[in-house]
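Here is the structure we will look at.
Here is the naming used below: chain letters follow the sequence lines, and residue numbers restart at 1 for every chain.
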2 protein chains.
Amino acid sequence: MDERKTALIFKAFCDENRIRIIEMLRSGEKCACKLLEELNVTQPTLSHHMKILCDSGIVTGRKEGKWTHYSISPEGAEYACKCLKELTTIDS
Amino acid sequence: MDERKTALIFKAFCDENRIRIIEMLRSGEKCACKLLEELNVTQPTLSHHMKILCDSGIVTGRKEGKWTHYSISPEGAEYACKCLKELTTIDS
DNA sequence: ATAACATATAGATAATTGTCAATAGATAAA
DNA sequence: TTTATCTATTGACAATTATCTATATGTTAT
């Protein structure tokens with residue numbers, strides 16, 4: 001197992017603002033500007049978090065004109081669940 | 001949802017050494033000194049990581065004389081899985 | 001072309017975290 | 001009761017990360 005890669009995935013969930021972002025995305029795809037409205041951070045900070053979330057595979061971005069729409073990646077989420085389950089399963 | 005508490009849980013999985021520790025515990029309960037043998041960190045550093053792992057609920061410690069035996073908490077792991085699933089489920 | 005807007009990047013800084021050396025506490029053995 | 005052993009705590013430091021301001025890039029509308 002690649003510990004570095006696994007750590008990268010779960011970095012998505014170890015910051016409060018990123019958890020808030022993921023929660024906002026549960027109700028469907030959202031534009032960065034919409035997310036920005038609801039978080040007390042500046043636009044570059046949001047951008048930074050979105051990069052980490054995308055790198056983790058949990059979130060994907062879709063560019064449309066000047067906007068970027070972000071959403072939860074079902075595949076990424078599924079993979080994270082699989083990792084977590086595997087990692088915490090006691091083999092007897 | 002309490003984002004701070006959720007972040008605390010997933011802190012367990014966002015450091016390479018902690019992931020290695022969890023992996024070692026998959027094969028069953030292990031003493032701190034045994035874990036220490038296989039990680040390139042000092043004893044206080046291990047102790048620090050064990051605290052974070054226990055605080056996350058993923059790992060529990062059992063004191064027996066001078067030794068502390070650590071193991072994966074099935075309840076903690078289950079709860080983390082539940083959180084992760086909930087957090088990444090798109091409600092439509 | 002220019003202006004307005006959305007997002008990303010660069011660079012700086014503050015906060016957090018991972019690490020170590022030194023030491024304390026607790027237990028077992030002599 | 002001293003000594004040895006295992007783990008936790010403290011304090012310092014280095015590395016990483018979250019944040020900001022300023023600026024660049026890319027897109028649409030005028």
When all nucleic acid strands are considered with a 4.0 Å heavy-atom cut-off, which category describes [X]: base, sugar-phosphate, or nothing?
X        : value
Ile52(A) : sugar-phosphate
His48(A) : base
Thr68(A) : sugar-phosphate
Lys34(A) : nothing

Can you measure [X] atom [atom1] to [N] atom [atom2] for me and round it to whole angstrom units?
X        : N       : atom1 : atom2 : value
Ile21(A) : dT19(D) : CD1   : C1'   : 13 Å
Trp67(A) : dT27(D) : CH2   : C1'   : 9 Å
Leu46(A) : dT17(D) : CG    : P     : 19 Å
Lys11(A) : dA18(D) : NZ    : C1'   : 13 Å
Gln43(B) : dT10(D) : CD    : C1'   : 13 Å
Asp15(B) : dT17(D) : CG    : C1'   : 13 Å
Lys63(A) : dT28(D) : NZ    : P     : 10 Å
Glu64(A) : dG26(D) : CD    : P     : 19 Å

So does [X] get a side-chain nitrogen or oxygen closer than 4.0 Å to the phosphate oxygens (OP1/OP2) of [N]?
X        : N       : result
Lys66(B) : dA4(D)  : no
Thr45(A) : dC20(D) : yes
Tyr70(B) : dC6(D)  : no

Q. Would Ile58(B) and Ser73(B) count as a side-chain contact (heavy atoms from CB on, under 4.5 Å) if you check the C-alpha gap in whole Å, the side-chain angles of each, and the deciding distance to 0.1 Å?
A. CA-CA 5 Å; Ile58(B) 302 296; Ser73(B) 159; over 6 Å; no

Q.
With a strict under 4.0 Å distance from non-hydrogen atoms of chain B, what nucleotide opens and what nucleotide closes the contacted stretch of DNA chain C, reading 5' to 3'?
A. dT17(C) to dA28(C)

Q) Which comes earlier along DNA chain D counting from the 5' end, the contact point of Ser47(B) or that of Pro44(A), where each point is its nearest nucleotide? A) Ser47(B)

Q.
By nearest atom, which of the nucleotides dT19(D), dA18(D), dT7(D) is closest to the Arg18(A) side chain?
A. dA18(D)

Shortest non-hydrogen contact from [X] to [Y]?
X        : Y        : value
Ala32(B) : Tyr70(B) : CB-CE1, 3.9 Å
Ile9(A)  : Ala80(A) : CG2-CB, 3.9 Å
Ser56(A) : Leu8(A)  : CB-O, 3.6 Å

**Q.** same_hphob_cluster(Ile52(B), Ile19(A)) at 4.5 Å side-chain heavy-atom cutoff
**A.** no

Q.
If hydrophobic clusters are built by linking Ile, Leu, Val, Met, Phe, Trp and Tyr wherever their side-chain heavy atoms come under 4.5 Å apart, do Val59(A) and Trp67(A) end up in the same one?
A. no

Q: Using a strict cut-off of less than 4.0 Å between a Lys/Arg side-chain nitrogen and an Asp/Glu carboxylate oxygen, indicate whether Arg62(A) and Glu64(A) qualify as a salt bridge.
A: yes

Q: Any chance you could lay out the salt bridge (charged side-chain N to carboxylate O under 4.0 Å, His left out) test for Arg20(A) and Glu16(A), step after step, and finish with the verdict?
A: CA-CA 6 Å; Arg20(A) 287 192 194 102; Glu16(A) 296 184 35; 3.2 Å; yes

Q | Set of residues satisfying side chain to side chain contact (heavy atoms under 4.5 Å, CB included) with respect to Glu37(A), sequence neighbours excluded | A | Lys34(A)

(Q) Report for the helix from dA1(C)-dT30(D) to dA30(C)-dT1(D): angle between first-end and last-end helix axes, five pairs each, rounded to 10 degrees. (A) 20°

Q: Give the intermediate values and the outcome of side-chain contact (heavy atoms from CB on, under 4.5 Å) for residues Phe13(A) and Leu53(A).
A: CA-CA 9 Å; Phe13(A) 305 100; Leu53(A) 286 170; over 6 Å; no

(Q) Let me spell it out: for each of Ala32(A) and Cys14(A), pick the nucleotide of DNA chain C with the closest heavy atom. Which residue's pick is nearer the 5' end? (A) Ala32(A)

